[in-house]
Amino acid sequence: MASIKHVEYINREKAFEKKGGCIYTKHRLPKWAKDSPNVFFRAADRYTKNAVRYKEMVFALQNELTLEQNLEIVNRVINEMIPDHYYTLAVHDKVGAMAQDGTHNLHVHLMFSPRIIDDVEKEKERLRSNFFLNKLRSTAKDQSNEAKRKHGAPMDRRWSDRTVMPELRATFQDITNDVLRKYGFRVQVDHRSLKAQEQEALENGDLLLAKILHRIPERHVGNIQTMQEKNPMVEVIKKYRVERKEYLDLLFKADMLEHSMAEAEQEKKAKVLQEDVASVVQSAEFQESDLSATSPIGVLRQNFLDAVRTYEHRKEMITPTEEALKEARLEYMTAEEREVYLRYLHLKDEQEHWTTFQENLKEPDMDDADAKQAYKELIPALAAKHEQLEHDLLGLKEQIEAIDLRLKNPDIEKQIQLLTHQVLQENKAVEPLLREAETNLKQAMDDLKRALHQDVTAENSQELYTVADLLRIFKRRQGMHRRTVNRLKKQLAPLLKKVISPERATRIAQDVYSKNECKKIRQGLRDCKKKEATIAAEQEKYQRLLQDAMAKKPLPSSMTLASIQEHLTSLAKWKKDAALEKARLESQQAHWEDLFKRPKIEAKVQAIALGILKKNESYQKKYAALQNEYQEATDALSHTRTQIEALEEQAKKEGPSVRVYRSLTEEEATWLKEHPHAPDIPKTEPKEKTEPVKKKEPSPLIDGTHPIEDVLTILYRRQSQLKRQAEKLQKKAYALKKEVISEERALLIAQDVYTKGEAKTIRQGLRKVAKKEAAMVEAEAKCQAVLKDATQPPEAIKTAKDSLVSLAASKKELALEKTKLETRQTYWQEQFKKPERQATLKDIANGILRKNAPKLQLYQAAEKAHQNAVSSLSLVQQQITSFSAKAQKDGLQKQVAFAFTKEEIDVLMKNQKTAPSQVAGGKAPAKGPATVPPDAPNRIADAIAGSDACAKLVAVLRDDDQGLKNWSLMTEAAKEEEFNKNFYSQL
C-alpha cells in the first residue's frame, strides 16, 4: 500500500471516513509538510527510490486508563523508541469486530519514517526533494553539512533487524506497567508467551492462573474476513470465545467458593480460640494475678498477651474474599462512582445497625414510668430513621445499578476477577504465619492456665501465720489496691468528658437542627448572666464611693462626684440593655422550645440524637467497663481495710505473736520468707514517684547485610502495615471529605437559604428533566431503529409508532416544565446579580465557610497523610519486586545490604530458629547439627541424577507467587525443616 493511502486509512480520511473510530491524532513533521501527514508521506511516495517509505507500529492501549493517561504511554514509547524520526499517529476506539460482548478495541497506529533526523537536519531542514534521496556516501570527498543536506537523511537500519521486536515488546510492557501503577491499578501486562506465563504460574502453585493461561493462541483474522457473513474461521473463533468465557467464569466462582469455605473453617477455629482467650482473661485468677514483669506469673502473663496481639495482627493480614472483591471493584470505579458506592455501603451498614438495635430493644416494665415514656418516644424516632435510610438508599439505587452494569462489561469483569484472585493468592504467604501464631497462642495460654491453677492451689492451702506477719501482708495488699484505685480514677476522669449523656445528645441534636441558633442563645444567656453580675458589683462599688463623696470623705485620685454619678448613669443604662438582651434571648429560647415540642421536629431531633449516641457508643462501653473495674478495685480496698482493722483488734487482745490460719498466695508467702524482719508498713503509704512519660521515638534503622529471604519477610510485613495504614487514612479522609464545603457549594447553599429552598428545588427539577430527556431520546432512537428494520413484524412497527406519538406528547409537556423552571432560574439569577443581593449572599457563604474551615483543615491533613502512606507503600512494593527478581537470580541466601529497625530484628529472631546472618556487624549464631529425614539420600540422588530431576525438586521447593520462600513457612514435618533449609540454600 502507498504511504498516502495508509495515512488516509489511520486518520479515517476520504474513502475510509465512514469507518470512524479515530479519536485522536498527532504528528511531528518538517516545516515544509505544513502540519500535514498527507503532504509528508505523498513526498515519500514520490521521491523514495528503492527504499522503505514508512514503518508502522500498532499496539493496544488499556481500557482501564483515560485517553490522557494512555497518551502518556504513547509519548513515552515515542521518546524511547523513535526520538529522532518524523511520525504521525492515530488512536482508534471502536467495539471490536469480533467482540460479541461490546468490548472496546482501543489501540494506536504509529506510522513513522525510517529516516533519522540527524544533526544536519536539526540544524537546517533538507528540501522536500532531498530528504528521501540516498544519503551521502562516506567515500565522497566533500563531507560538509551543505553536501549532506543535498542528499537524503540516513536510514535507521535497526528497523530491518528482527531482534528489535522483543526489545520493543519489553519496552512497551515496562512503560505500560509503570503508568498503570502510577494511576493505582495493580493489573499488569506481560509480553511473554502464554506458555511461559503458564509455566511460571505452575511453578508458583497458582493453578487457577495456569488454567486461565492454558488456551490456544488465536489466529489473526483480517478486516475482510470479519466482514464476510458466516466465515468459517470467524464463526469458530466466536464460538470458542463464548464457551471459554463461560469456562473462566466457572473457574473463578469455584475459586471464590473454595476461599470462602476455607475462611468459614478458619472463622470457626478463631471463634473457639477467642472464647478460650476470653475465659482466661475474664477469670478471677487472671484478674488477681501478679502484674510484676519479673515474677514467673508476670512473665507468663506477658507472653500470653504478646501471643494474643501477634495472632490478631496476623489474622488482620488475611484479606477476606468479599473484601478482596470489593477492593477490586473499587479500583475499576471512577472517583465519583467510588464516592457513591462507599456512601451506599455506609448507609447499608447503618440500616443493618439500627435494625439490629430495634430487634434487641425490649419494652420496659410498667412500673418504670420514665423508661416507659422514653421507650414511647424512641419507637417513632427509630421508624423515622428507618424511613430516612430507605429514602436515601432508594435515591442511590439508580446510580448503583449503573455502576454494576458498567462493571459487568466483560473486559472489566475479567480484570476484576484476576485482581481478586491475585489478592486472595497473596493470603497464602500469610497463612503459615497465622497457623504458627495460633500454635504459639495455644501454648502460651496452656502455660498460663497451669501457672494460675498452681497459684490458686497454693493460695487455698492453709498455714499458720502470726498476726504481725498477716498485718504486714494485708497492709501490702492495701497499698497495691490503693494504687490500682488511683490509676483507674485517673483513667476515668478524661474518659468521662468524652461520654455523651442522652440529655447532652438531645442538646447537640437541637443545635444541629437549629443550625447552632440554640447554642448561640445559651451562650448569650450565659454572657448576660456574667454581665449582670459584673454590673451589680460595679454598682455596689460606685454606690459606696457616692456615699463617701456625699459624706465629704477623701476619694481616689482623678475621681469626682460628677464622674461617679456619670458612671452610675452608664451602669444603669448597661443594666437596662442587658435586661432587654436577656428578654430577647429568652423569647427566642421559648420559641425554639415550642418548636421542639411539635411531633415531626421532635422526631427529627431524636433521630439526630440517636446518631450522636451511636457514634459515642464506643466511649460509653469503655467508660462502663472501666467503671466496673474501678468499683471492684474499690470494694477490694474496702474489704482489705476491714481485715486490717480486725487483725489490729485481735493483736490488741491476744498479742501480735499469736498464730492463726490464713490463706496467702504463693507470691505473698515467698515475700514473707524473703522479708522475715521487715518493718511494719504504715497504713498510709507514701505516693510513688512517677517519672514523666517519655515520648516514644521511632526506632532507628540499623544497617547491615542480611539474606534476601529475611529482607523479603520484613518488606512484606512493612507492606501489610502500610496497606492497613493507607486504608485507614483513606476512610478517614473520605469521611472528612463529605463534611467539607467548597466555595461554589457554599454559594449554592447561601442562595438556597436566601430563596428559602426554591433555588435548590429548581436545580433538582432541571436535573430530573435532563434525565427524562435523555431517556426519551434513547427510547426514540430504539423506535426509529425498529421502523427502519424491514424484518420487524407489523405488531412491533405499530407499537413503535404508538410509542413515538406518546413520546412526542411527553416531550411537549417536558418542554413546558423545563421552560417554567428555566424562567424561575433566570429570575433568581438576575436577582443575584444585584449588588445588595451579592453582598448578602457573600456574607452568608463566608459564614458557612468559616464554620467549615476546621473540617477543611482536618481533611487536607488526612489527605496528605494518606498520600504519604500510599507513596511509602509504592516504594516498599518496588523494593519487593527488586529483591524478588534478585532472589530468582542469585538465590534466597544471597547477602544484601539493608537497614532494619530493632523491632524488625526482634520479629526475625522470634519467627526463625536462627538469627539473620549479620545484624549491625554481628555474627550469626552457630547452627546445631541438622536432622536428616529418612528419604534424604533418595532426594539428593534424584537432584544429582540430572537437570530434570533437579528442576522437579526445585519446583517442589517453590511455595507461591512470591518465589522461593522461607523454609519455616512451609508445611513440612518439623524434623525435615532444618535439613531442607540448608539443602535448598546450597541449591
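Atoms considered below: every heavy atom in the structure, side chains included; atoms not considered: hydrogens, waters and symmetry mates.
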Less than 4.5 Å apart, side chain to side chain, heavy atoms only: is that true for Ile10 and Phe16? no

Any donor-acceptor pair under 3.5 Å linking the side-chain atoms of Gln877 with those of Arg181? no

Is a side-chain donor-acceptor pair under 3.5 Å present for Asn63 with Gln415? no

Taking the ring of Trp159 and the ring of Phe112, is the distance between their centroids below 6.0 Å? yes

Does one side chain, of Asp255 or His421, offer a donor that lies under 3.5 Å from an acceptor on the other? yes

Compute the ring centroids of His107 and Phe59, then answer whether they are less than 6.0 Å apart. no

Is it true that Lys738 and Glu339 make a salt bridge, defined as a side-chain N closer than 4.0 Å to a carboxylate O? no

Note: Asp118-Arg126 ion pair, threshold 4.0 Å (strictly below): yes

Any non-hydrogen side-chain atom of His109 less than 4.5 Å from a side-chain atom of Asn11? no

Derivation of the salt bridge (Lys or Arg N to Asp or Glu O under 4.0 Å) call for Glu773 and Lys811: CA-CA 8 Å; Glu773 285 180 340; Lys811 271 189 174 181; over 6 Å; no

Should Phe252 and Thr420 count as side-chain neighbours, where that means a heavy-atom distance under 4.5 Å? yes

Would you name the heavy atoms of Met776 and Ser810 that are closest together and state the gap between them? CE-CB, 3.3 Å

Judged by atom type as modelled, is there a donor-acceptor pair below 3.5 Å linking the side chain of Gln173 to the main-chain atoms of His191? yes

Here's a test for you: under side-chain contact (heavy atoms from CB on, under 4.5 Å), which of Glu167, Arg169, Arg162 qualifies with Met165? Arg169

May I ask you to say whether Arg406 pairs ionically with Glu337, meaning some side-chain N is under 4.0 Å from a carboxylate O? yes

Return each pair, listed once, that meets ring pair (Phe, Tyr, Trp, His ring centres under 6.0 Å) where at least one residue sits in residues 324-348; pairs must be two or more places apart or across chains. Phe185-Tyr332

Does atom CZ of Arg46 have more than 12 heavy-atom neighbours, drawn from other residues, nucleotides or ligands, at distances under 6.0 Å? no

Trace of the salt bridge (Lys or Arg N to Asp or Glu O under 4.0 Å) decision for Asp249 with Lys414: CA-CA 9 Å; Asp249 288 342; Lys414 176 186 174 183; over 6 Å; no

Looking at Glu8 and Lys14, is any side-chain nitrogen of the basic one under 4.0 Å from a carboxylate oxygen of the acidic one? yes

Salt bridge check: are Glu863 and Lys737 linked by an N-O gap of less than 4.0 Å? no

Which residues pass the ring pair (Phe, Tyr, Trp, His ring centres under 6.0 Å) test with Phe132, sequence neighbours left out? Phe40

Is it true that Arg42 and Asp45 make a salt bridge, defined as a side-chain N closer than 4.0 Å to a carboxylate O? no

Under the side-chain contact (heavy atoms from CB on, under 4.5 Å) test, residues paired with Lys864 that sit two or more places apart: Asn868

Is Asp404 close to Ile400 at the side-chain level, that is, under 4.5 Å between some pair of heavy atoms? yes

Give a yes or no answer on whether the side chain of Asp789 reaches the backbone of Ala785 with a donor-acceptor pair at less than 3.5 Å. no

Test salt bridge (Lys or Arg N to Asp or Glu O under 4.0 Å) on Asp156 and Lys55 and set out the steps. CA-CA 11 Å; Asp156 190 349; Lys55 288 282 186 180; over 6 Å; no

Less than 4.0 angstrom from a charged side-chain N to a carboxylate O is my criterion; do Glu125 and Lys31 meet it? no

Consider only side-chain N and O atoms of Glu121 and Tyr86, and report whether a donor and an acceptor are under 3.5 Å apart. yes

